[in-house]
Structures are given as C-alpha cells and as structure tokens.
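Encoded as structure tokens, the structure appears first; notes follow it.
We name chains A, B, ... by the order of the sequence lines, and we start the count at 1 in each one.
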2 protein chains.
Amino acid sequence: MPTTAKPATDAVVAPGKGRGRRAARASGDDRERAILETAERLLEERPLSEISVDDLAKGAGISRPSFYFYFPSKDAVVLTIVDRLVAAAAGSREEALATLAQGEPRAGLRRGLEDLYAAFRARRAVTLAAAELRMTNPEARELWAEVMEGWVADVTAVIESERAKGAAPPGPPAREMATALVQMNERVQYAAFAGESPALEEDRVLDVLVDIWLRAIYGTADPG
Amino acid sequence: MPTTAKPATDAVVAPGKGRGRRAARASGDDRERAILETAERLLEERPLSEISVDDLAKGAGISRPSFYFYFPSKDAVVLTIVDRLVAAAAGSREEALATLAQGEPRAGLRRGLEDLYAAFRARRAVTLAAAELRMTNPEARELWAEVMEGWVADVTAVIESERAKGAAPPGPPAREMATALVQMNERVQYAAFAGESPALEEDRVLDVLVDIWLRAIYGTADPG
DNA sequence: GAACTGTATCAACACCGTGTCGAGTGGGTC
DNA sequence: GACCCACTCGACACGGTGTTGATACAGTTC
C-alpha cells in the first residue's frame with residue numbers, strides 16, 4: 001500500500017481551502033478560477049519569476065489589491081495549481097503500482113513510469129514553475145518533498161519485494177537505490193521539459209529511464 | 001580527450017574579466033576580493049535569494065553604489081565564484097578520466113566520481129547557490145550547461161570504449177545513458193547537500209551512485 | 001423599505017530592493 | 001598646479017510587494 005506521509009499536509013492539499021480565499025462562496029469563484037487560469041496561461045509564455053501579481057490580476061480582470069482578496073501571494077496561486085497536478089498524478093501512481101508489482105517487470109515498470117511522465121509532461125509549464133518555486137518557497141519544498149517521499153516509499157517496497165522473491169539480486173539498501181532512481185527521473189524529466197542543452201529527447205526519456213531502472217534493480221535490461 | 005565545447009565561453013570563464021570590474025588595477029582589488037568573500041560567507045548562512053546587494057556591500061565595507069563599481073549585479077558575483085569552482089572541478093575531471101579508462105572499472109569509476117563529489121561538497125554553499133541562480137539567470141544556465149556537456153561527453157566516450165572492448169554489453173545509445181547518469185548524480189548530490197527530505201546520507205552518496213553506474217553500464221555491480 | 005451583514009472592489013500608501021547619475025575626493029604624474 | 005583616473009556615495013527613479021480604509025452592492029431580517 002502506498003504511503004501517504006504526514007497528516008499535517010491535509011490542510012495544504014485540500015482543494016479550495018488553506019491556500020485559497022478567506023471564506024466566500026458567491027460569484028467570486030469565477031475570479032478565483034480566472035486567476036488560476038491566467039497563471040497557467042502565463043506560465044506557458046514565461047517563467048514564474050517574470051510574472052507579477054499585477055499580471056495575474058490584470059489577466060483576471062481585477063486590480064492588484066483585489067487579487068489579495070483571493071490569494072495571499074503569487075506563490076499561493078502556483079502552489080494551488082501544483083497541489084492539483086500532484087493530486088492528479090497521485091491517481092496514476094496507485095494504478096501504476098498495481099500493474100507493476102505482478103507480471104513482467106519491464107512492461108510493468110514502463111507502464112508505471114509512463115503514467116507519471118505523461119501527467120507531468122501534459123502540464124510542463126506547471127511542472128517547471130514548481131521546480132522554480134521550490135528554490136525559494138519552503139511550502140513548495142515541503143509539498144514536493146512529500147510527493148518524492150511517496151514515490152520513494154513505493155519503489156522501495158517494490159525493490160524489496162522483488163529481492164525477496166529472488167527476482168532481483170541483492171544490492172545497496174532498497175531505499176537508497178529507490179531515492180537515487182526517483183531523483184534521476186525527476187532531473188531527467190525536468191531537463192527534457194525545459195529543453196536543457198544536454199538532455200534527452202522527450203520521446204527517448206522513458207526508454208532510457210526504464211532501461212537504467214531495470215539494470216539497477218535486476219542487473220539486466222531484460223529480466224525474466 | 002575531454003571536450004571543452006564552444007569557445008564563446010572563454011570571455012565568460014576568464015578569471016577577472018567580463019564579469020568583474022570595468023577596468024582598474026589599484027588597491028580596489030582588495031574590495032573586489034572582499035565582496036567575493038562576503039558572498040561566500042553569507043551563502044553559508046542563507047540562500048542567495050535572501051542576500052541583497054546591500055548585504056554584500058556592507059560586508060565588504062562599502063556603500064551600495066560602490067558595489068556597482070566592482071560588479072554589475074549580485075548575480076555576477078555568484079557567477080564569478082561559480083566560474084572558479086567549476087574551473088577547479090575541471091582539474092579533477094582530467095585526472096579522474098585518466099584513472100578511470102584503464103584498470104578496474106569499479107575502483108576507477110569510484111575515484112572519478114569521488115573527486116567531483118568532493119570538489120562540490122567542499123563548497124556546498126556555492127553549489128546550492130549555483131542551482132538557485134540557474135533557475136532565473138540565463139548566464140548561469142549556460143555556464144552549467146557547458147559543465148554538464150563536458151561530463152556527458154566524457155562519460156559517453158568511456159561507455160563507448162568499454163562497449164567496443166567488449167567489457168560492457170550493448171544498450172541504449174551511450175550518450176543518452178551518459179546524460180541520464182550525469183543528471184542523476186547532479187540531483188542526488190544536490191539533494192544530499194541541501195539536506196532534502198528524501199535524500200541519501202552524505203557518506204552514502206558515492207556508494208549508491210557508483211553501484212547504479214556500474215549496473216547501468218556493465219550490467220553488474222562487480223565487473224571485471 | 002430601513003438597517004444590518006458579509007462579499008467584493010480599488011485608490012492610495014508604506015516599504016524594500018535594484019540600478020543610475022552626478023558630484024565629489026584624494027593619490028599619482030607630468 | 002593642473003590634470004587625470006580610480007574610487008566613493010547621496011539622492012534619485014523605478015518597479016515590485018503587501019496593507020489600509022473607504023466604498024459599493026447583494027442578500028437577509030425585521
């Protein structure tokens with residue numbers, strides 16, 4: 001069963017609360033949505049650091065002070081968006097894990113990583129903004145840490161189970177290996193999304209990652 | 001032979017030029033050094049985003065406008081420091097490569113990764129600042145891209161050579177594999193330096209990374 | 001329909017960080 | 001002693017953030 005980590009998060013991850021408006025229920029919901037949509041739209045054009053509160057307010061058809069009625073800061077807007085993306089991705093994960101554990105490792109692993117990759121790739125602007133925000137915002141760091149923690153725990157369990165079954169040879173502590181592999185995925189995917197200069201082509205990312213995972217875990221790219 | 005990439009970099013990487021003062025040679029060298037030292041010192045206390053030009057100026061015993069006589073911006077200061085760190089690390093790389101190619105893969109690889117790891121670990125504050133700066137500063141992005149490019153090229157060459165020798169089995173294109181592995185190292189090391197929550201202990205980083213590299217390249221953790 | 005309550009709005013303000021301009025100052029040199 | 005040139009900094013303009021207080025307007029509630 002996938003680990004969900006500290007309960008302190010619930011307030012943070014909850015849909016419209018905590019990060020959102022102060023109370024409200026009236027037509028101002030439209031404005032809140034307009035702000036979120038403006039943010040997503042602008043993030044596809046330029047990095048978070050080049051978007052101001054005023055840009056978001058103008059984009060949503062309100063003044064800058066009005067913006068603060070809906071969100072306490074620019075960061076809060078992005079965190080709300082990232083919350084939702086992460087929640088959506090979490091859905092994929094559950095599914096992926098089921099597929100993975102039993103049956104053929106290669107196909108299973110690929111399907112698992114595929115769903116995650118697809119989820120973030122489909123919202124690359126948000127993914128990149130999350131990474132940017134993580135550098136300066138402790139809340140963003142915390143949120144992402146929990147996401148990573150979940151994946152690492154899952155992968156650790158899979159590795160241990162495969163080793164117990166005798167399907168995978170022994171090696172470094174499963175959790176350490178899982179941590180490195182999950183972090184590799186994060187970095188490789190980010191580089192591909194950002195179009196960095198040494199980076200994998202977007203349609204090569206999965207092939208290469210799956211191959212390295214299999215070799216790392218099973219000692220061969222084609223385990224039986 | 002290690003690749004050094006585009007020559008456009010020379011201006012950027014050159015020690016006291018381009019990024020440094022406008023002309024000068026007199027005693028103001030002290031002030032320039034004082035600024036650089038202040039920056040390094042403050043970076044050990046708090047992230048780059050929480051350090052202002054005024055902090056650097058005060059730390060160097062000058063006023064804020066005077067700061068601009070020596071550096072065009074806060075970013076330029078950090079870039080100068082990173083330039084130097086990167087240049088120092090490049091020294092290790094040359095050495096490392098020689099050790100690596102011939103002899104026992106495991107020991108060779110470990111020594112190679114070790115030097116790099118040690119170089120960045122010894123200046124972790126600068127390393128973290130470089131990562132932070134990379135998010136918002138194109139010049140920093142460029143500089144780091146070149147560094148990564150160099151490593152990827154070297155590792156690609158090693159993998160191809162081992163495959164040609166028959167020491168390593170075939171697999172995904174060497175360059176793709178090298179890219180993923182180098183990016184994994186970057187991310188895992190960063191997480192360890194930053195003390196992220198799912199992260200390897202600092203004294204476990206090398207063991208785990210070497211193991212994954214060996215399995216990825218040779219199909220076994222104990223080639224030879 | 002008047003008084004009240006809570007949502008929603010924004011002009012004006014206080015604040016902070018950046019980068020520039022222009023008026024200096026003081027040591028070296030011809 | 002006139003002149004440079006490295007060097008310094010007060011004062012400014014600008015742009016971003018977040019807050020305050022006055023106001024408008026929509027529903028109750030009596």
Does [X] have any salt bridge (charged side-chain N to carboxylate O under 4.0 Å, His left out) partners at least two apart in sequence or in another chain, and if so, which?
X	value
A:Arg121	A:Glu202
B:Arg204	A:Glu176, B:Asp207
B:Glu37	B:Arg33
B:Glu114	B:Arg110

### Task
Applying side chain to side chain donor-acceptor pair (under 3.5 Å), name anything that partners A:Arg64, two or more places apart in sequence or on another chain.
none

### Task
Tell me, please, which residues at least two apart from B:Ser66 pass side chain to side chain donor-acceptor pair (under 3.5 Å).
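Testing B:Ser66 for side chain to side chain donor-acceptor pair (under 3.5 Å), a comparison that skips the adjacent residues, returns B:Ser63.
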
### Message
Show me the pairs that pass salt bridge (charged side-chain N to carboxylate O under 4.0 Å, His left out) and involve residues 184-196 of chain A, at least two apart or across chains.
### Response
A:Arg134-A:Glu186, A:Glu186-B:Arg187, A:Arg187-A:Glu196, A:Arg187-B:Glu186, A:Glu196-B:Arg134

### Task
Not counting sequence neighbours, list each pair that qualifies as a salt bridge (charged side-chain N to carboxylate O under 4.0 Å, His left out) and has a residue in residues 41-51 of chain B.
B:Arg46-B:Asp55

Euclidean distance, atom [atom1] of residue [X] to atom [atom2] of [N] [Å, nearest integer]:
X	N	atom1	atom2	result
B:Asp55	C:dG17	CG	P	8 Å
A:Leu48	D:dG16	CG	P	14 Å
B:Phe69	C:dT25	CZ	C1'	14 Å
A:Arg31	C:dT7	CZ	P	16 Å
A:Asp54	D:dC14	CG	P	17 Å
B:Ile51	C:dT18	CD1	P	11 Å

### Message
Does C:dT7 have its OP1 or OP2 closer than 4.0 Å to a side-chain nitrogen or oxygen of A:Tyr70?
### Response
no

### Task
Just report the end-to-end axis angle for the helix from C:dG1-D:dC30 to C:dC30-D:dG1, five pairs per end, to 10 degrees.
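Here the helix ends are tilted 20° relative to one another.
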
#### Entry: Those residues that, when tested against A:Tyr117, pass ring pair (Phe, Tyr, Trp, His ring centres under 6.0 Å) (two or more places apart)
A:Phe193

### Message
As a test of reading the structure: which of C:dG17, D:dG18, C:dG19 is closest to the side chain of A:Ser73, going by heavy atoms?
### Response
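The answer is D:dG18, which lies nearest to the side chain.
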
### Query
Among D:dT8, D:dT19, C:dT18, which nucleotide sits nearest the side chain of A:Tyr68?
D:dT19

### Message
Taking the basic N atoms (NZ, or NE/NH1/NH2) and the acidic carboxylate oxygens, is any pair closer than 4.0 Å for A:Arg175 and A:Glu149?
### Response
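Answer for the salt bridge query: yes.
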
### Query
Where along residues 39-46 of chain B does a heavy atom fall under 4.0 Å from DNA chain C?
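Residues of residues 39-46 of chain B that come under 4.0 Å of DNA chain C do not exist, since none gets that close.
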
### Query
Does any residue of residues 56-67 of chain B have a heavy atom under 4.0 Å from DNA chain D, and if so, which ones, in number order?
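B:Ile62, B:Ser63, B:Pro65, B:Ser66 - these, ordered by number, are the residues of the stretch whose heavy atoms sit under 4.0 Å from the strand.
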
### Query
Do you know which of A:Ile159, A:Asp154, A:Val152, A:Val158 makes side chain to side chain contact (heavy atoms under 4.5 Å, CB included) with A:Thr156?
A:Val152

